Number of protein chains: 2
Amino acid sequence: MGSSVDNSYMYKKVISIGTVCELTGLSERQIRYYEERELIFPKRSEKGNRKYSFSDVETLMDIANKMEDGLQTSELRREIKNKEVDKSSVNERMIRGQLNAHFRRRD
Amino acid sequence: MGSSVDNSYMYKKVISIGTVCELTGLSERQIRYYEERELIFPKRSEKGNRKYSFSDVETLMDIANKMEDGLQTSELRREIKNKEVDKSSVNERMIRGQLNAHFRRRD
DNA sequence: CGTGTAAGGAATTCTGACACG
DNA sequence: CGTGTAAGGAATTCTGACACG
């Protein structure tokens with residue numbers, strides 16, 4: 001396994017919201033709102049505190065840019081869905097590739 | 001530039017002590033004590049909260065193992081100093097290597 | 001020496017809501 | 001729609017200290 005995306009630390013949800021504010025320049029209100037609109041998906045700690053990954057921070061900076069460009073959260077939501085579609089077609093290709101590699105000798 | 005160590009997110013100090021506890025299994029007391037003994041060096045946020053990097057977390061797990069083996073913090077402190085010496089000799093070599101590369105054509 | 005703990009205070013985060021537009 | 005804010009509470013983190021060993 002191991003595609004171009006791995007990096008381990010990039011996806012670990014360990015950053016609390018205050019630090020994310022410093023990193024992104026966004027307010028807590030904004031960050032929570034983007035979650036409500038399903039643009040980001042922080043983990044929750046035992047007692048309910050939001051934890052973000054570096055990847056989430058990057059996503060938030062993208063969101064901040066798009067919002068500045070006048071886009072609405074609903075439009076950003078669509079973009080995300082499309083990326084998910086992209087991903088699954090990539091996955092399909094990967095699986096097809098593996099199958100090909102696996103059965104090649106039998107042809 | 002750019003040695004084998006880069007990884008960007010690995011060294012960013014963004015994790016608060018509670019999360020570090022979860023990640024390492026150590027108590028806050030232990031983590032603060034290892035700082036007092038100069039084995040780790042968290043950053044401080046505006047209002048004085050400690051922030052750790054993933055690299056710090058790894059260091060702490062090493063420390064935890066060594067402590068279990070019965071080592072003292074003073075001994076671990078020495079190990080760290082030695083690593084710093086290693087690093088500067090590596091740096092020396094890198095610089096020497098670059099100088100060599102730079103002046104090779106003149107020889 | 002290394003770590004637990006109670007103490008008191010300050011800062012963090014959470015939720016639900018009202019406000020403006 | 002997106003975001004600010006005051007409200008009240010719960011959880012987090014901080015420091016300095018006493019304790020045991």
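Not measured: the values here are computed from a predicted model.
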Whichever of Gln72(A) and Ser45(A) has the more 5' nearest nucleotide on DNA chain D, that residue is Gln72(A)
Nearest-Å distance for atom pair CD/C1', residues Glu68(A) and dT3(D): 14 Å
Would one find a side-chain N or O of Arg50(A) under 4.0 angstrom from OP1 or OP2 of dC14(C)? yes
I want to check one thing: is the phosphate of dG2(C), taken as OP1 and OP2, less than 4.0 Å away from some side-chain N or O of Tyr34(B)? no
Nearest whole Å is fine: how far is dG16(D) C1' from Glu36(B) CD? 11 Å
Length of the line joining Glu35(A):CD and dC14(C):C1', which is rounded to integer Å: 11 Å
Flag yes if Phe41(B) and Val20(B) sit in one hydrophobic cluster, no otherwise; membership is Ile, Leu, Val, Met, Phe, Trp, Tyr, and two members link when side-chain heavy atoms are under 4.5 Å apart. no
Nearest-Å distance for atom pair CD1/P, residues Ile17(A) and dT3(D): 13 Å
Pairing partner of dG16(C), by Watson-Crick or G-U wobble and under 3.5 Å for both distances, is none
Validation row, ring centre Tyr9(B) to ring centre Phe54(A) under 6.0 Å: yes
Within the pair Lys47(B) and dT13(D), is there a side-chain N or O less than 4.0 Å away from OP1 or OP2? no
dT12(D) phosphate, OP1 or OP2, under 4.0 Å from Ser16(A) side-chain N/O: no
Distance-minimising heavy-atom pair for Leu39(A) and Thr73(A): CD2-O, 3.7 Å
Distance, rounded to the nearest Å, where Ile63(A) contributes CD1 and dT3(D) contributes P: 10 Å
Scan Arg32(B) against the nucleic acid and name what it touches under 4.0 Å (heavy atoms): base, sugar-phosphate only, or nothing. base
Answer yes if the side chains of Ser53(B) and Asp56(B) hold a donor-acceptor pair under 3.5 Å, and no otherwise. yes
Under 3.5 Å, is there any donor-acceptor pair linking the side chain of Arg29(A) to the base of dT5(D)? yes
Which part of the nucleic acid does Ser74(B) contact within heavy-atom distance under 4.0 Å: base, sugar-phosphate only, or nothing? nothing
On DNA chain C, does the nearest nucleotide to Glu28(B) precede the nearest nucleotide to Asn49(B) from the 5' side, or the other way round? Give the residue. Glu28(B)
What is the distance from CG of Leu60(A) to C1' of dG2(D), rounded to the nearest Å? 15 Å
Between atom CG in Asn65(A) and atom P in dG2(D), what is the gap in whole Å? 16 Å
Any strand is fair game: report the nucleotide pairing with dA6(D) by Watson-Crick or G-U wobble, both distances under 3.5 Å, or none. none
With side-chain hydrogen bond (donor to acceptor under 3.5 Å, both in side chains) as the test, pick out the partner of Arg32(B) among Glu28(B), Glu35(B), Glu36(B). Glu28(B)
Are any of Tyr33(A)'s side-chain N or O atoms less than 4.0 Å away from OP1 or OP2 of dG2(D)? yes
Here the distance between atom P of dT12(D) and atom NZ of Lys51(A), to the nearest Å, is 9 Å
